[in-house]
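Quick note on labels: first sequence line is chain A, next is B, and so on, each numbered from 1.
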Amino acid sequence: MTLLDVKDLYAEVAQQQILKGLNLKVNAGEVHAIMGPNGSGKSTLANVLAGRPGYDVTAGDVVFEGHSIVDWEAHDRAHAGVFLAFQYPVEIPGVSNMEFLKASIDSKAFANDEAQPAAAGFIKEVRKLAQSLDLNPEFLKRGVNEGFSGGEKKRNEVLQLLLLQPRLAVLDETDSGLDIDALQVVAEGVNRFRSDDNGVVLITHYQRLLEYIVPDFVHVLADGRIVQSGDKSLALELEEKGYAWLT
Amino acid sequence: MSESVDDLVQTNAEYNAGFVTDIESETLPPGLDESVVRFISQKKKEPEWLTEWRLKAYATWQEMTAPEWAHVHFPPVDFEAISYYSAPKSQADGPQSLDEVDPELLRTYEKLGIPLHEQEALAGVVKPSANVAVDAVFDSVSIATTFKDKLAEAGVVFCPISEAVHSHPELVQKYMGSVVPQKDNFYAALNSAVFSDGSFVYIPKGVRCPMELSTYFRINERNTGQFERTLIVADEGSHVSYLEGCTAPMRDENQLHAAVVELVALGDAEIKYSTVQNWYPGDEEGRGGIYNFVTKRGLCAGPRAKISWTQVETGSAITWKYPSVVLRGDDSVGEFYSVALTGKVQQADTGTKMIHMGRNTKSTIISKGISTGRSQNTYRGLVRISPTAAGARNFTQCDSLLIGDSCGAHTFPYIEDSNVSAVIEHEATTSKVSEDQLFLCQQRGIDPEKAVSMIVNGFCKEVFKELPMEFAVEAGKLMEVSLEGAVG
Amino acid sequence: MAHVNLELPAAAAPPKWFGTVTEQSLNQQLNGALNHKMHRERWKYTRVPPVLALLKEPGAPFETQLPEGVTLRHVAHDSMDTPAQVFFGEALAETLQHAPEATAWLCYQPNVQVLDVEAEVSEPLILKGAALHQPLIIRLAANASLDLHEIYDGNEGSSQLQSIWIDMQPGSRVQHSRNSFTTGTHWQYLRVNIGRDATYHLHNHSAGAELRRQDMQLICAAPGAHAEVTSAAFIGSKTHLDQQITVEHRAAHTTSEQTFHNIAAGGAKVTFNGRIHIHEHCASVDANLSNKNLSLGDNAVINTKPELEIYTDDVKCSHGATVGSLDQDHLFYCASRGIAPQQARTLLSQAFLQVCTLGPLAESAQQFLQQQAQSEVEGG
């Protein structure tokens, strides 16, 4: 079943054309890795999929589970099941992580006409998840990402991924700035998330992450378009030869 | 595709307390002269000394000029256009038992969520878990005070000040004007001349007040000013927590609220005073709204006394108030926790004064200002260390959050130190709700309006945690409603 | 509070370059500004009459040796070629409002000194001498640079006055160092208009005096403008220092950074008022101010007021102020390493000032300030 269908997508940021006719199809149960040099438009793609203000689609379409979502607001996309793991998660002082997670899950439940989880059970579940990701449960009382190290912020993103159980996860350079231990924890989390019902778009600059999260497809993004697609062996080839030969 | 922060700062939410109660009132015609002062005094059957006290204040006031404030702009107040006394007719002779209170009035307070029926409050019908004694002041008079009997058992006096003048004249005479003298400032002098009612609290030696006390102020009548006066005396080693709430109907003209609050904490006593101020702020263009010109001051009279002010200010067209603490007793403690949220064209000029006189006195100031719309939000504070205040300490944290590029946030902290052993720290920061924060929330499914309210609540957390439990929840809700005004 | 109406000595005919303003209107505006509540606020802790008295005296030119690339002219008002509005970068009424005393001084003197800097000047320009100096106007052409030194030292008790107006065209740079160590009544006015991508840096080193008042107004007038101030002062026994600084951000993408460290000895009186003003629609401004005060002796009075006035949301702004005496933990640490209490106090005081003693005059300033600190600690 097709989860995501990006059709001939053009997008601009600050009046600069970044995506120039991008096509990508993700089916349920698949992991797609998007690789490419700096400035090729990888992060733009992630932000456009999530509907970040300031990222304007000028042509083409993004179809998610049969609906065109380019005109949807970011929170409506989130409710439908689009999740973005941020490259640089922002801090929100004073808003505790637990409070934030509850607000998030309640909003989604409310929008989808589902019952909101009871507080006690919810807190238990979150604490369990935190432990499984090597996050000290004390972090949950602190402000969102406030005073977190880079690795802790990324693990917090994975915690939210596992908690919210989206249909489509877009991971924007989640591996950047992680040491090998943290990378393994993050990869383990993503592998736990993988199922036949959901899809993953993995944006990364390095092949390293793909040793831990094995993709079904690898695409190379250059100058706003996908210029090459293949299986996981393509990543190894890129590692060896760099990106120059492709463009 | 999606709103930016700027787009969100557009329309106007409703002011939920903006209704008018249709009730027959006895209201003095506008204008102020000696006969008005005498009329008010007579109406309350006051003793001679108090009539004289009022007249002296009136004479002082006449010699003063209305203050001009550097950062607050408004047309001069016409003191001849204000009525200085208004009372619901059925209540003109002062409060009676709850059964006799006009049902229309009870409904007003019910609509505002203030429980005046003790049984219901206890049974949790109106407000679960609320165990709060309430004094309700409607325009110029107190209409009901709840839980009087239970408080009396503990020896606590909680009654309208007009009643205390008769029942506890020695306390009133001793302390009224002892912290805020009649001539303290223009509006305090005016209040001293024409104050109509307010609450009086006395906590005897060593008593911990068994419940929260609260006064609820409501301005209903058109063209009236509200001039209440509150006096709280905590005798040695006693403890009390007190809350005031304020609302008024939506009206086109500006109404004046010039209250005086005096707190006296004797040795080892503690007074915690919390305010949730939600007077009508006026409309989008600045028409109407309350002028909230209030003098609040506490005196730590004895050693180890503690006075703590917590305020959540979301209403009023103009707020001008500086709840202060005079730290006279050695080792006494003063605290000020404030959240001031302004929207539309509101102006808030608020802060505190901490006057250190005793040795090893300590003060803490946490102020959070949130500006939206075209409003101006000012923190103005004074920390003064007298030569006698050896070992005094102050910590001040002043943060401003701006939402939208047409509002202002200002900080004017005065620090005056005359003692070498004092330690004073002041920090201030300014930030905005960033597009990144909003997007993170939105990406996790939280809509922008809820996100802004969450972020603002997070910003205010240090202050909200100082509020008594029930009121912290109220304050959070009030912020949400007020922000709807800013965020649309 | 009732107050005496202050009055400036009446000005002669307004200088031509001030435009069409009449004598009467100018005097009215000057006195109006002087008595305005906002302006009186700036004189809350210092008596203004001694400074006003200076304005009645005749001024003298600076004695200086000019480095290459700099021209200095004594210009009669009638010959000034820039209209005031252009030079001030704002309406005359606004300048009057901010600086009535300095504007008055500008009008009362028969001529002004105009210093033009056309290129990058490598040698420092040194201004010296205890006197009431005629107003000095410094104009930097685009991409020009100047290393300006002001040195007022020795035990001269005579009165002093400097009023310096600097206009910085795009890309220009000024490094300004100032040692003010004299003991008499001393009023210093400084105003800098910082243009596009221009950088102004003030190293301010001061001692207390009978009365020393420093008014500084730095204006970031165009994008890329940057203002920086580091200041250290030792206010000795029974002396006085009053510092008033305003940094105005009148354009987007401007930055400022200010650090003031002051030590007050016994009976000294020090006043600091630092104001950051960010105008409407000036986005992406980053402005910070820190004022730390150390009180060393009994009966010292320290007044500080760091202010923020902000009219737009896209700013990063902070200020901080502290008042205290030497840290007990630091003193104990020194003691545990065998440093005697008195020596430790001297060391720690000196260190406190040293972090703000920078620039080309740092060495002489350090010498002076350290010696002051030492004699205060050891004498007390």
| field | Flag if over 12 foreign heavy atoms under 6.0 Å of CZ, Arg194(A) | value | yes
Pairwise distance [atom1]([X]) to [atom2]([Y]) - rounded to 0.5 angstrom:
| X | Y | atom1 | atom2 | result |
| --- | --- | --- | --- | --- |
| Ser104(A) | Leu440(B) | OG | CG | 9.0 Å |
| Arg444(B) | Ile105(A) | CZ | CD1 | 11.5 Å |
| Ile446(B) | Ser107(A) | CD1 | OG | 5.5 Å |
| Gln443(B) | Leu164(A) | CD | CG | 9.0 Å |

| task | Kindly determine whether Lys461(B) and Glu99(A) satisfy side chain to side chain contact (heavy atoms under 4.5 Å, CB included), including the steps that lead there. | result | CA-CA 12 Å; Lys461(B) 191 165 270 177; Glu99(A) 190 185 339; 3.1 Å; yes
Relative to chain B, which segment of [X] carries a heavy atom at a distance below 4.5 Å: side chain, backbone, both, or neither?
| X | answer |
| --- | --- |
| Tyr88(A) | neither |
| Asn145(A) | side chain |
| Leu84(A) | both |

| field | Short side-chain to backbone donor-acceptor contact, Gln437(B) and Glu91(A), under 3.5 Å | value | yes
| field | Gln442(B) side chain to Arg52(A) backbone, donor-acceptor under 3.5 Å | value |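 A pair under 3.5 Å: no.
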Which atoms form the tightest heavy-atom contact between [X] and [Y], and what is the distance?
| X | Y | answer |
| --- | --- | --- |
| Ile455(B) | Val95(A) | CA-CG2, 3.9 Å |
| Gly445(B) | Ala78(A) | N-CB, 3.4 Å |
| Phe100(A) | Cys441(B) | CE1-SG, 3.7 Å |

| query | Does Phe459(B) reach the side chain of Pro93(A), with side-chain heavy atoms less than 4.5 Å apart? | reply |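 No - every pair of side-chain heavy atoms lies 4.5 Å or more apart.
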| request: Determine, stepwise, if the pair Asp447(B) / Asp76(A) fulfils side chain to side chain contact (heavy atoms under 4.5 Å, CB included). | output: CA-CA 8 Å; Asp447(B) 69 61; Asp76(A) 295 328; over 6 Å; no
| When Asn47(A), Leu101(A), Ile92(A) are compared by non-hydrogen pairs under 4.5 Å with chain B, the top option | Ile92(A)
